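I have placed the structure first, in the form of structure tokens, so that the comments after it can refer back to it.
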There are 2 protein chains.
Amino acid sequence: MDTKPLLDYLRRYIDLDQEEEALFLSKVKLRKYLKGQYVVQQGDVCLYENFVLSGCLKSFHMDPEGHEHIVMFAIEDWWTGDLGSFLSQTPASLNVQCMENCVLAQLSHSDLQELYIRIPKLERFFRIIIQKAYVASQQRIVHNLSMPARDRYLHFRKQYPRIDQRVPQYMIASYLGITPEFLSKIRSQLIYEQ
Amino acid sequence: MDTKPLLDYLRRYIDLDQEEEALFLSKVKLRKYLKGQYVVQQGDVCLYENFVLSGCLKSFHMDPEGHEHIVMFAIEDWWTGDLGSFLSQTPASLNVQCMENCVLAQLSHSDLQELYIRIPKLERFFRIIIQKAYVASQQRIVHNLSMPARDRYLHFRKQYPRIDQRVPQYMIASYLGITPEFLSKIRSQLIYEQ
DNA sequence: AAAGGAGATTAATCTAGATTAAGACACTAC
DNA sequence: GTAGTGTCTTAATCTAGATTAATCTCCTTT
């Protein structure tokens with residue numbers, strides 16, 4: 001497993017010369033995780049921004065009653081972690097756990113600060129991808145406020161077909177903010193309708 | 001009304017020299033709006049990023065049944081607009097409306113693109129503020145998934161006391177994703193408890 | 001001071017979705 | 001084979017919050 005997907009991803013947004021690419025890669029740590037392992041644990045400081053080279057992860061918050069609430073999934077070419085914790089280097093409110101064996105490209109906080117100084121173009125890169133993430137997050141809030149569960153599920157399947165196929169239903173239910181039983185009911189209604 | 005609050009805000013994150021500040025300000029358009037006026041309308045392209053110099057605004061989505069869903073409020077020192085529309089220059093899915101007379105500092109898309117090139121430090125500035133906005137947005141999703149309405153209301157009052165005092169209750173209800181009647185019930189229960 | 005009108009409250013009824021609990025399929029693993 | 005574990009489904013009951021509708025403030029405006 002190499003870092004090519006990460007470089008391809010970078011090149012979609014900015015042009016780095018050979019030297020800059022080499023510098024960037026020198027700060028990237030490749031790390032393998034087994035299915036079930038935690039990349040971030042609630043209460044610990046999130047040490048890395050993680051780019052997914054292979055595998056599938058979920059990030060979720062565990063509430064005081066012990067219920068999981070899935071905030072997002074991540075697959076190849078996505079970033080994951082607890083950004084709030086990473087930025088301020090304070091305890092995370094989220095867990096990030098591997099649902100398959102994973103290979104991640106990791107950037108530490110101090111290395112990233114250094115990279116921002118030595119390769120200012122990276123500011124642009126991260127500005128652009130975080131803007132996209134923010135827009136998606138706002139759109140999800142609107143959907144949660146304005147759509148019933150059934151429509152949110154249909155929208156999720158359309159927007160993330162690659163993820164829908166890959167994760168168990170009860171996690172999709174958690175992502176949508178409903179119980180697995182209710183998602184099962186919705187699915188049986190959808191099948192009945194056609 | 002001048003642009004001092006905007007410069008103060010910039011200086012919290014980056015240092016600009018005299019020339020850069022002047023260039024930046026040359027692209028900023030000051031504009032006054034009356035209470036009730038729309039800064040962005042659903043279906044139109046969002047032309048500006050708007051920094052609030054004075055006043056109070058709401059951004060909301062109107063669903064097909066004609067119900068408003070408030071996505072966020074904005075007061076002095078906040079940014080507002082429909083970022084998704086602004087970035088891609090496509091029709092907005094949100095409305096932004098003044099709830100008081102407002103003065104906004106506006107940056108157009110093309111001017112901002114030019115500013116990014118001529119003042120690369122602005123990439124850093126917008127990266128940092130959008131990161132903060134993203135973290136807040138993610139946190140709101142977690143709260144919407146994991147907290148009952150009552151707790152969400154208490155949290156809102158604690159987090160945004162300046163806004164809580166300033167907007168009508170039925171809009172706070174919309175922001176929280178509940179009806180005004182139910183918010184009224186929650187409030188009367190809270191009063192009863194002390 | 002009367003007449004609107006916008007917002008807030010209260011209460012009765014209703015419903016989307018939760019909870020609980022019981023099976024139904026898978027799969028490994030032994 | 002069967003015991004075990006993780007996932008999905010079905011169905012009965014329950015509840016947080018929606019809907020509807022009436023009443024109650026306050027503000028404006030005249």
Side-chain angles (χ1 to χ4, degrees), chain A residues 34-37 56 58 60 62-70 73 97-101 141 143-157 163-194, chain B residues 34-37 56 58 60 62-70 73 97-101 141 143-157 163-194:
Chain A
L34 296 175
K35 178 176 176 173
Q37 279 195 295
C56 181
K58 61 173 172 174
F60 63 97
M62 180 82 74
D63 72 22
E65 283 85 48
H67 297 126
E68 282 188 24
H69 303 278
I70 294 186
F73 299 106
Q97 188 182 18
C98 299
M99 292 156 62
E100 305 171 357
N101 293 342
I141 287 175
H143 287 168
N144 285 345
L145 291 177
S146 64
M147 286 183 179
R150 177 203 150 97
D151 295 355
R152 262 145 51 211
Y153 174 57
L154 288 172
H155 183 263
F156 174 79
R157 279 205 316 198
I163 290 176
D164 178 47
Q165 306 300 328
R166 214 156 148 181
V167 310
Q169 270 183 46
Y170 74 94
M171 290 189 192
I172 296 176
S174 171
Y175 178 90
L176 295 173
I178 59 177
T179 57
E181 291 86 352
F182 191 57
L183 178 54
S184 182
K185 202 179 194 172
I186 288 171
R187 281 168 54 87
S188 72
Q189 282 170 2
L190 290 173
I191 289 163
Y192 175 75
E193 282 166 24
Q194 284 114 33
Chain B
L34 296 176
K35 178 177 177 172
Q37 278 194 296
C56 182
K58 62 173 171 174
F60 63 97
M62 181 82 73
D63 72 21
E65 283 86 49
H67 298 125
E68 282 187 25
H69 303 279
I70 294 186
F73 298 106
Q97 188 181 19
C98 299
M99 293 158 62
E100 305 172 358
N101 294 341
I141 288 175
H143 287 169
N144 285 346
L145 292 177
S146 65
M147 286 183 180
R150 177 203 151 97
D151 295 355
R152 263 143 52 209
Y153 174 58
L154 289 172
H155 183 263
F156 174 81
R157 278 206 314 199
I163 290 178
D164 178 46
Q165 306 298 327
R166 214 155 149 182
V167 309
Q169 269 183 47
Y170 75 93
M171 291 189 191
I172 296 175
S174 171
Y175 178 90
L176 295 173
I178 60 177
T179 58
E181 292 85 352
F182 191 58
L183 178 54
S184 180
K185 203 178 194 174
I186 289 170
R187 283 167 53 86
S188 72
Q189 282 169 3
L190 290 172
I191 290 163
Y192 176 75
E193 283 167 22
Q194 285 115 32

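Labels below follow one simple rule: chain letters A, B, ... track the order of the sequence lines, proteins then strands, and each chain is numbered from 1. Note that the structure is predicted; figures quoted are calculated from it, not measured.
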Where along residues 146-157 of chain A does a heavy atom fall under 4.0 Å from DNA chain C?
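Pro148(A), Ala149(A), in order of number.
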
Do Asp63(A) and Leu145(B) make a side-chain contact, defined as non-hydrogen atoms from C-beta onward lying under 4.5 Å apart?
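With C-beta onward as the side chain, the pair stays apart.
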
Are any of the side-chain heavy atoms of Phe73(B) and Lys58(B) separated by less than 4.5 Å?
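Of all side-chain heavy-atom pairs linking Lys58(B) with Phe73(B), at least one is under 4.5 Å.
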
Got a sec, which residues hit ring pair (Phe, Tyr, Trp, His ring centres under 6.0 Å) with Phe156(B), two or more places apart in sequence or on another chain?
Tyr160(B), Tyr175(B)

Members of residues 171-184 of chain A that approach DNA chain D, where some heavy atom sits under 4.0 Å away
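Heavy-atom cutoff 4.0 Å gives Glu181(A), Ser184(A).
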
Holding to side chain to side chain contact (heavy atoms under 4.5 Å, CB included), I want the full list of residues that pass it with Pro148(B), two or more places apart in sequence or in another chain.
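Counting only residues at least two positions away or on another chain, Pro148(B) forms a side chain to side chain contact (heavy atoms under 4.5 Å, CB included) with Asp151(B).
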
Can you measure Ile186(B) atom CD1 to dA8(C) atom C1' for me and round it to whole angstrom units?
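Going from Ile186(B) (CD1) to dA8(C) (C1'), I get 14 Å.
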
Could you tell me which residues satisfy side chain to side chain donor-acceptor pair (under 3.5 Å) with [X], sequence neighbours excluded, listed by chain and number?
| X | result |
| --- | --- |
| Glu100(B) | Arg166(B) |
| His143(A) | none |
| Asp164(A) | none |
| Asn101(A) | none |

For Arg152(A), check salt bridge (Lys or Arg N to Asp or Glu O under 4.0 Å) against everything at least two apart and list the hits.
none

What are the bounds, 5' to 3', of the part of DNA chain D that sits under 4.0 Å from heavy atoms of chain A?
dT7(D) to dT10(D)

Per the salt bridge (charged side-chain N to carboxylate O under 4.0 Å, His left out) rule, what does the pair list look like for residues 180-190 of chain A, sequence neighbours excluded?
none

Pair assignment for DNA chain C - dot-bracket with | for other-strand partners, Watson-Crick or G-U under 3.5 Å
||||||||||||||||||||||.|||.|||

Is it true that a side-chain atom of Ser174(B) and a backbone atom of Glu68(B) form a donor plus acceptor pair closer than 3.5 Å?
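Checking the backbone N and O of Glu68(B) against the side chain of Ser174(B), a donor-acceptor pair under 3.5 Å is found.
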
Rounded distance (nearest 0.5 Å) linking atom CZ of Arg150(B) with atom CG of Leu190(B)
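Taking CZ in Arg150(B) and CG in Leu190(B), the distance rounds to 5.0 Å.
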
